[in-house]
Each structure stands twice: as structure tokens, then as C-alpha cells.
There are 2 protein chains.
Amino acid sequence: MPCQKRCGSQWWHGKVKDCGYRITAGREAIIDTLAATHDHLSAEDVYSRIHARFPNVGLTTIYRTLDMLAQAGLVSRFDFGDGKSRYELTQGPKGEHHHHHLVCTECKRVIDYTDFIDDELELLRRTEKGLSQKYNFRIDNHMIQFYGVCKDCLRDQP
Amino acid sequence: MPCQKRCGSQWWHGKVKDCGYRITAGREAIIDTLAATHDHLSAEDVYSRIHARFPNVGLTTIYRTLDMLAQAGLVSRFDFGDGKSRYELTQGPKGEHHHHHLVCTECKRVIDYTDFIDDELELLRRTEKGLSQKYNFRIDNHMIQFYGVCKDCLRDQP
DNA sequence: TCCTTAATGGAAACAGTTTCCAATAATAAC
DNA sequence: GTTATTATTGGAAACTGTTTCCATTAAGGA
């Protein structure tokens with residue numbers, strides 16, 4: 001499939017090219033899809049959202065591209081315990097706020113929160129520094145998740 | 001398979017019985033296996049370690065039991081990004097120290113660390129309190145992981 | 001000791017993901 | 001703009017960790 005958007009100068013093109021990857025219509029569509037939502041999409045989710053407009057982008061490409069974007073750091077992969085990987089843009093075009101996750105182990109709902117995030121990030125930075133020195137480990141990323149039962153599920157089964 | 005250990009009064013029996021589960025030789029073997037290591041075992045790992053002594057404990061039972069023990073809170077399930085769930089005792093017979101994980105994205109090695117853990121736990125407690133109030137969410141658990149590249153992998157490919 | 005019911009193992013099904021390969025399209029070189 | 005090179009692609013098939021199914025067995029209360 002030819003790249004129909006003329007592959008101009010989107011915010012993310014630089015990063016992808018810097019990593020030696022090409023800009024294609026499929027990749028364009030996948031990033032657009034992730035940028036257009038706050039949901040935590042699975043590969044299948046991305047596929048079905050793209051399929052309407054681009055019927056000829058295959059699921060294999062979705063998997064490959066999400067993987068590549070995760071390598072490049074543009075996309076973050078999460079596991080919320082429902083058996084499939086979930087993806088979100090690490091940082092959107094406008095540099096949205098970093099957030100962490102609150103996962104309901106009953107209904108699998110995920111709440112993004114940014115409360116306390118500054119304290120958390122501050123502590124994480126200190127910890128990262130200490131750990132990377134002690135273990136000679138280059139730390140690229142972190143992940144904080146809280147697990148529990150959400151409001152609705154608490155009501156349904158007290 | 002009959003329970004050969006006379007199913008006495010192991011440290012974990014209470015919790016399992018309280019949840020309405022029975023004590024069986026398979027469960028005994030699985031907990032023993034987890035208690036005997038600091039590794040992060042997959043279901044298959046547990047299976048192969050048990051199989052020598054108990055050839056008639058099936059893989060299905062391993063999965064079922066690990067799941068049940070996770071429900072009961074005796075075992076914690078982790079995902080380190082290699083496609084399989086990994087398990088460890090939430091707390092051993094002697095109440096070992098809580099720890100967090102440092103995951104190498106190259107070789108998948110996992111380092112348990114307890115440095116800074118007190119600061120982390122302190123912050124987590126505060127955050128948990130704030131979040132559970134704000135979102136009416138009952139928080140049962142948390143998970144912190146750092147991702148990066150370990151000493152050995154850094155040396156191999158600088 | 002008997003009885004009820006949870007737990008079990010093995011085979012088969014399942015689901016998410018990866019691999020394979022020939023065809024196609026993005027970019028570099030001209 | 002044209003051509004050459006090489007990464008990317010879609011679809012089918014393979015793969016792998018996990019779950020389901022069901023007839024059999026054993027735990028634990030009566």
C-alpha cells in the first residue's frame with residue numbers, strides 16, 4: 001500500500017527515521033490510532049479500528065509495528081493480566097502527562113491516574129540513580145501499577 | 001495421589017483452608033518448590049522441578065494450583081515480558097523482605113532489589129491511601145519494575 | 001468407614017503471537 | 001524522473017503458553 005498522506009513531517013517521523021525505519025502508511029495509521037484514544041489498546045483492538053479505513057493492513061503488520069515502535073520507545077507495552085499485551089503512546093504529539101495505572105482485578109478496568117505522580121517520579125528518579133549505580137544497570141523505563149477492586153465491582157459483590 | 005506428608009501443620013495450611021481449599025500432595029509440592037528458590041519460576045519450571053519426585057503431578061494441576069494460590073494471595077504472579085507468567089511466594093515461611101524487580105530487556109534476567117524499598121513502600125502507602133479515597137478503589141497490591149540493560153549486556157554491546 | 005464433592009491428569013481446544021515467503025513499496029543512487 | 005536496493009507487507013501456517021473437558025481419584029467431614 002502506497003503512503004497516501006505524503007508522509008510529511010509528523011511529530012514522530014524523526015524518531016522512526018533515526019532508528020533506521022521507513023515511514024509507511026501502515027505505521028502512520030497505527031500511530032494515529034493510538035494517538036486518537038486514551039484507551040489501552042490490544043493489537044487486535046488496533047487492527048479492528050484501522051481495518052475500516054485500511055482494509056489491507058494485516059494483523060501481522062500491527063504486531064510487527066507495535067513491537068518496533070516499542071523498541072523505538074514511541075510506544076509502551078503493558079500487561080494488565082488479561083492475557084494480551086496492551087499498548088499506548090509513550091508520549092503523544094503534545095507531550096501529555098506521564099501517568100500510572102490502577103487495575104481492577106475483577107473487571108480488568110484500568111484507570112490512569114496522575115495524582116501523586118510528581119512525588120512518585122521524584123522517588124523513582126532517586127531510586128533509578130541508586131540502582132543503576134549499585135548494579136551497573138542502565139535503566140530505561142519503569143512501571144508502577146496498583147491492583148485491586150474498583151468502585152463498581154465493590155458494589156456488586158461486597 | 002494421596003497426601004504422603006500427613007498434611008500436618010505447615011505455615012501455609014491455614015490460609016489455604018481458610019479459603020475453602022483442600023490440602024493435597026500436589027499443592028504441597030508446588031509450595032515447597034517455590035519456597036526452595038529465589039528464582040522466578042514459570043509454570044513449566046515448577047513442573048519440571050516437581051516431576052522428578054512426583055511424576056504423576058500434571059502440568060494442568062500446576063497451572064490450576066498457581067492460579068488458586070495467587071487468588072489466595074500466597075503467590076504473586078509477574079510478567080517480565082518473555083511471554084510466560086512467573087511466580088514467587090508472596091511471603092516465605094519466615095516472612096522474607098518484600099522486594100521489587102529490575103528487568104533486563106536484553107537477556108531477560110531479573111534482579112530482586114530491596115534497596116530503597118522502605119522509601120518506596122512509604123510512598124506507595126501514601127499513594128494507595130490517596131488513590132483508594134479518590135477513586136473508591138480497594139487496593140490489594142502493587143507492582144514496581146524497572147526496565148533496562150544489565151551490566152553484562154551493556155558490556156557485550158556498547 | 002463411608003460419602004460428598006473438590007481436585008486431578010491427559011488430551012484436546014484455545015488464543016495471542018510469531019514465522020515463513022513471495023510480492024510490493026519506500027528510499028537511496030543515479 | 002528512473003532505476004536499483006532492500007525493508008516492509010499480508011496471509012497462511014506454525015508455535016507456545018494456558019485453559020477446558022471429562023471421567024477418575026482422593027480429601028476431609030459425618
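Residue numbering restarts at 1 for every chain, and letters A, B, ... go by the order of the sequence lines. Predicted model only: the values in this text are computed from it and were never measured.
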Round to a whole Å and report the spacing from [atom1] of [X] to [atom2] of [N].
X	N	atom1	atom2	value
E44(B)	dT16(D)	CD	P	11 Å
I23(B)	dG28(D)	CD1	P	6 Å
H51(A)	dG10(D)	NE2	C1'	11 Å
L41(A)	dT17(C)	CG	P	13 Å
Y21(B)	dT5(C)	OH	C1'	15 Å
R22(A)	dT24(C)	CZ	C1'	11 Å
D45(B)	dG17(D)	CG	P	10 Å
Y47(A)	dA15(C)	OH	C1'	16 Å

Would V110(A) and I139(B) show up in the same hydrophobic cluster when neighbours are defined by side-chain heavy atoms closer than 4.5 Å?
no
When clusters are formed by joining ILVMFWY residues with side-chain heavy atoms under 4.5 Å apart, either directly or through shared neighbours, do I62(B) and I23(B) land in the same one?
yes
Winner on side-chain proximity to T60(A), out of dT27(C), dT18(C), dT18(D), is dT18(C)
Test: ring-ring contact (aromatic ring centres under 6.0 Å, His included). Region: residues 56-79 of chain A. Which pairs qualify, not counting sequence neighbours?
F78(A)-F80(A), F78(A)-H101(A)
Can you sort out which residues in residues 61-86 of chain A have a heavy atom within less than 4.0 Å of DNA chain D? Ascending by number, please.
T61(A), R64(A)
Determine, step by step, whether R64(A) and D67(A) satisfy the salt bridge (charged side-chain N to carboxylate O under 4.0 Å, His left out) criterion, reporting the C-alpha distance in whole Å, the side-chain angles of both residues, the deciding distance to 0.1 Å, and the verdict.
CA-CA 5 Å; R64(A) 264 188 305 230; D67(A) 212 55; over 6 Å; no
Could you check A43(B) against R27(A) and say which one's nearest nucleotide on DNA chain D is further toward the 5' end?
R27(A)
Donor + acceptor pair across side chains of E120(A), Y113(A) (<3.5 Å):
yes
Measuring only between side-chain heavy atoms, which start at C-beta, is L69(A) closer than 4.5 Å to I30(A)?
yes
Crowding at NZ, K108(B) (>12 non-hydrogen neighbours, <6.0 Å):
yes
Compare side-chain N and O positions of T24(A) against OP1 and OP2 of dT9(D) and report whether any pair is under 4.0 Å apart.
yes
